[in-house]
Amino acid sequence: MEVSISLSEQRNKLLETYKGSSINALPTPSFIVDLNVVKDNCRRMLQGLEAISPDLRFRAHVKTHKTAEIVRLQLDNGRKQHSVVASTISEIRGLAALVQDGTVKDILYGIPPTKSKIPTLAAIAQDLHASGATLRLMIDSALQLQFLREYSESHPNHALPWSIFIKVNVGDNRAGQTLAASELTEVIRQAVFGKNVQLYGFYAHAGGSYSSRSVDSASEYLVKEVGGVYEAAALAKSILLPAEAGRQRFVLSIGATPTAHTSAIAGESITSLFTKVMENDELEIHAGNYAMLDMQQVATGLVSPSDVAGRVVAEVISYYSDRNEYLIDAGVLALAREPGRIPGIATIMGQRVSGERWIVGRVSQEHGIITKRTETIDDVLEESLDETTIPKSWTPGDRVVLLPQHSCITSSMYQWYFIVENDIVVDVFIPWRGW
């Protein structure tokens with residue numbers, strides 16, 4: 001039995017063993033990331049937003065992949081954009097090297113902070129400030145502001161004001177206050193007039209846009225996001241003194257991967273809407289899943305299966321002729337368990353057997369069952385397949401490549417990712433684990 005080694009040592013061992021190898025040589029299940037696909041996904045997003053307006057800001061979410069290497073691609077090495085949003089303190093700490101080299105200068109902790117995390121966040125804010133970067137917090141409750149004020153008052157050495165976004169609920173009830181809620185007015189009032197707090201802007205995330213089926217339907221969610229933060233900013237300016245309101249430009253941050261994709265390919269009406277908003281405030285797009293993508297995003301009709309960069313390699317264990325199903329060594333702990341519009345826990349990439357498409361139809365903890373897909377969904381799986389390269393059947397020992405329903409969750413099941421180009425391993429990335 002091997003003595004326990006660190007992840008960095010493990011990475012070196014993995015590179016020694018697998019660099020230059022085909023994905024067919026990897027241990028299974030393994031999570032692989034197609035580096036060229038990630039690069040293309042990141043490039044398309046930045047170029048699309050730049051084409052709308054050079055003044056349009058972008059904030060990259062890191063929670064899908066949790067790696068410094070992909071953050072660099074999302075921000076184009078900090079050539080223009082420097083802002084990120086993180087879901088865990090572990091992710092914020094993992095960004096330290098990118099803060100030190102100037103790639104990242106603005107970090108948003110993307111969920112409202114619990115009271116117990118405030119001392120940790122205060123220390124992180126001080127460290128970031130010393131390195132020329134800023135920590136911002138997401139707030140949706142007046143009580144959260146009270147906790148921040150109480151901490152600052154009882155810790156005189158924490159002289160930094162808390163920079164905050166106020167989260168606006170635009171209908172998906174994920175988090176945040178709705179425009180109609182009296183609580184939103186109170187949060188804004190306390191943010192505007194309270195001590196030790198600076199209101200930086202308003203933030204909306206249209207999680208419901210994952211149900212979109214086209215550019216038009218995603219655009220409806222996008223317009224709802226813009227309207228929500230714009231009205232919240234107008235409410236804040238109505239609370240300010242007239243002289244201050246005229247000078248104040250808030251940062252209005254909108255986005256989810258479907259609405260961000262819609263922004264990047266915006267038509268005239270969306271471009272005009274953005275232009276109007278940017279007359280009075282700064283507009284920021286945020287997104288994260290777009291770098292990796294998954295079948296949930298394919299179902300929106302805005303991307304295709306070939307755009308999915310994160311995949312799982314599994315091995316066929318058995319075939320059951322009486323029910324025409326295959327057993328593989330990837331279950332819940334390798335794929336997660338999240339249903340979507342596209343049936344199954346995962347989709348078999350680029351393969352048909354006996355002329356049929358197949359999915360991971362059922363999962364247990366460590367293994368899954370490949371079943372025939374009966375639903376007709378070729379409108380989102382439109383890519384043609386080369387029938388000459390498709391096996392007539394699988395046999396035990398064969399490898400299958402699986403496209404996950406939700407890459408944010410699937411990737412978090414793995415301690416490391418094998419990075420591939422043309423299905424050959426070129427690197428190993430270690431994600432930031434934990435909370």
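Hydrogens, waters and symmetry mates play no part in the numbers below; they use all other heavy atoms, side chains included. For reference, positions follow the sequence shown, starting with 1.
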Stepwise, does the side-chain hydrogen bond (donor to acceptor under 3.5 Å, both in side chains) test hold for S90 with T88?
CA-CA 5 Å; S90 175; T88 66; 4.7 Å; no
Step through the shown structure and confirm whether more than 12 heavy atoms of other residues, nucleotides or ligands are within 6.0 Å of NZ on K80.
yes
Can you confirm whether the side chains of S8 and S6 place a donor and an acceptor under 3.5 Å from each other?
yes
Can you name the closest pair of heavy atoms from L75 and Q81 and give their distance?
CB-O, 3.7 Å
Without hydrogens or angle criteria, can the side chains of S131 and Q100 be said to hold a donor-acceptor pair below 3.5 Å?
yes
What distance separates E315 CD from R399 CZ, expressed to the nearest 0.5 Å?
4.5 Å
Taking S22 for the side chain and A25 for the main chain, is one N or O donor matched with an acceptor at less than 3.5 Å?
no
List the atom of I188, the atom of A232, and the distance in Å for their closest heavy-atom pair.
CD1-O, 3.9 Å
Intermediate values then yes/no, salt bridge (Lys or Arg N to Asp or Glu O under 4.0 Å), K39 and D34:
CA-CA 9 Å; K39 288 179 178 178; D34 190 310; over 6 Å; no
Interatomic distance, CG@L293 vs OG@S407, rounded to 0.5 Å, equals 7.0 Å
Taking the side chain as C-beta and beyond, is there a heavy-atom pair between I369 and V360 under 4.5 Å?
no
Pair F429, H65 - check ring pair (Phe, Tyr, Trp, His ring centres under 6.0 Å), show working.
CA-CA 10 Å; F429 291 174; H65 54 84; 9.1 Å; no
Are the side chain of H82 and the backbone N or O of G78 linked by a donor-acceptor pair below 3.5 Å?
yes
Main-chain N/O of A206 paired to E225 side chain as donor or acceptor, under 3.5 Å
yes
Locate the shortest heavy-atom distance separating V401 from R311; write the atom from each residue and the value.
CG1-CB, 3.7 Å
Polar side-chain atom of T300 near backbone of P258 as donor-acceptor pair, under 3.5 Å:
no
Point-to-point distance, once rounded to the nearest 0.5 Å, from OH of Y109 to CG of L137
9.0 Å
Exam field: side chain R433 to backbone S412, donor-acceptor pair closer than 3.5 Å
yes
A204 to H286 - nearest heavy-atom pair and separation
O-CE1, 3.0 Å
Is there a donor-acceptor pair under 3.5 Å between the side chain of R57 and the backbone N or O of E284?
no
Check side chain to side chain contact (heavy atoms under 4.5 Å, CB included) between A314 and all other residues, then give those that pass, not counting sequence neighbours.
I328, D329, A330, V400, L402
Sequence-distant partners of K276, side chain to side chain contact (heavy atoms under 4.5 Å, CB included), two or more places apart:
Y230
Using side-chain contact (heavy atoms from CB on, under 4.5 Å), reason through I254 and L222 one step at a time and then give a plain yes or no.
CA-CA 8 Å; I254 60 170; L222 176 61; 3.6 Å; yes
Are N12 and E16 linked by a side-chain donor-acceptor pair shorter than 3.5 Å?
no
Does the pair R136/D106 count as a salt bridge with the N-to-O cut at 4.0 Å?
yes
List the atom of L283, the atom of L56, and the distance in Å for their closest heavy-atom pair.
O-CD1, 3.5 Å
Is there side-chain contact between R93 and T120, with at least one heavy-atom pair below 4.5 Å?
yes
Does either side chain, that of N77 or that of T103, offer a donor lying less than 3.5 Å from an acceptor on the other one?
no
Might you work through the side-chain contact (heavy atoms from CB on, under 4.5 Å) test for Y151 and W162, ending with a clear yes or no?
CA-CA 11 Å; Y151 179 87; W162 299 96; 4.0 Å; yes
Centroid-centroid under 6.0 Å between F202 and F250 rings
yes
Can you tell if the side chain of I430 reaches within under 4.5 Å of the side chain of Q415, non-hydrogen atoms only?
no
Run the ring pair (Phe, Tyr, Trp, His ring centres under 6.0 Å) test against F31 and tell me which residues pass, sequence neighbours left out.
Y414, Y417
Do the side chains of K224 and D172 get close enough for a salt bridge, i.e. N-O under 4.0 angstrom?
no
Tell me if a side-chain donor or acceptor on Q177 pairs with a main-chain N or O of D140 at a distance below 3.5 Å.
yes
Name all pairs fulfilling the salt bridge (Lys or Arg N to Asp or Glu O under 4.0 Å) condition that reach into residues 402-423, sequence neighbours left out, sorted by first residue then second.
none
I'd like to check L148 versus I118 (side-chain heavy atoms, cut-off strictly below 4.5 Å). Are they in contact?
yes
Could I get the full list of ring pair (Phe, Tyr, Trp, His ring centres under 6.0 Å) partners for F274, not counting sequence neighbours?
none
How many angstroms lie between CD1 in I89 and CG in L121, if you round to the nearest 0.5 Å?
4.5 Å
Check whether any side-chain N or O of Y290 sits under 3.5 Å from a backbone N or O of A260 as a donor-acceptor pair, and report yes or no.
no
Quick one: are V298 and V308 in side-chain contact, heavy atoms under 4.5 Å?
yes
Could you check whether any side-chain N or O of S364 sits under 3.5 Å from a backbone N or O of H367, counting only pairs where one atom can act as donor and the other as acceptor?
no
At what distance, to the nearest 0.5 angstrom, does CG of D294 lie from OG1 of T64?
8.0 Å
Please step through side-chain contact (heavy atoms from CB on, under 4.5 Å) for the pair V38 and C42, ending with a clear verdict.
CA-CA 6 Å; V38 172; C42 294; 4.1 Å; yes
With a 4.5 Å limit on heavy-atom distance, are the side chains of T134 and L128 in contact?
no
Quick one: sort the W358 and Y326 rings into parallel, tilted or perpendicular, breaks at 30° and 60°.
perpendicular
Side-chain (T28) to main-chain (V313) donor-acceptor, under 3.5 angstrom
no
Does this structure show an ion pair linking D101 with R72, if we count only N-O contacts that are shorter than 4.0 Å?
yes
Check ion pair D307-R44 (N to O, under 4.0 angstrom):
yes
Is a donor from one side chain sitting under 3.5 angstrom from an acceptor on the other, for N36 and D40?
no
Only one of I92, V62, L98 clears side chain to side chain contact (heavy atoms under 4.5 Å, CB included) with V104; which?
L98
Spacing of I265 atom CD1 and H261 atom NE2 [to the nearest 0.5 Å]
8.5 Å
Salt bridge (charged side-chain N to carboxylate O under 4.0 Å, His left out) involving E325 - partner list, sequence neighbours excluded:
R323, R362
Please name the pair of heavy atoms, one in Y200 and one in S163, separated by the smallest distance, quoted to 0.1 Å.
CB-OG, 3.6 Å
May I have the step-by-step check of side-chain contact (heavy atoms from CB on, under 4.5 Å) for V229 and S253, ending in yes or no?
CA-CA 8 Å; V229 293; S253 189; over 6 Å; no
A side-chain contact here means heavy atoms from C-beta on lying under 4.5 Å apart; do T395 and V316 qualify?
no
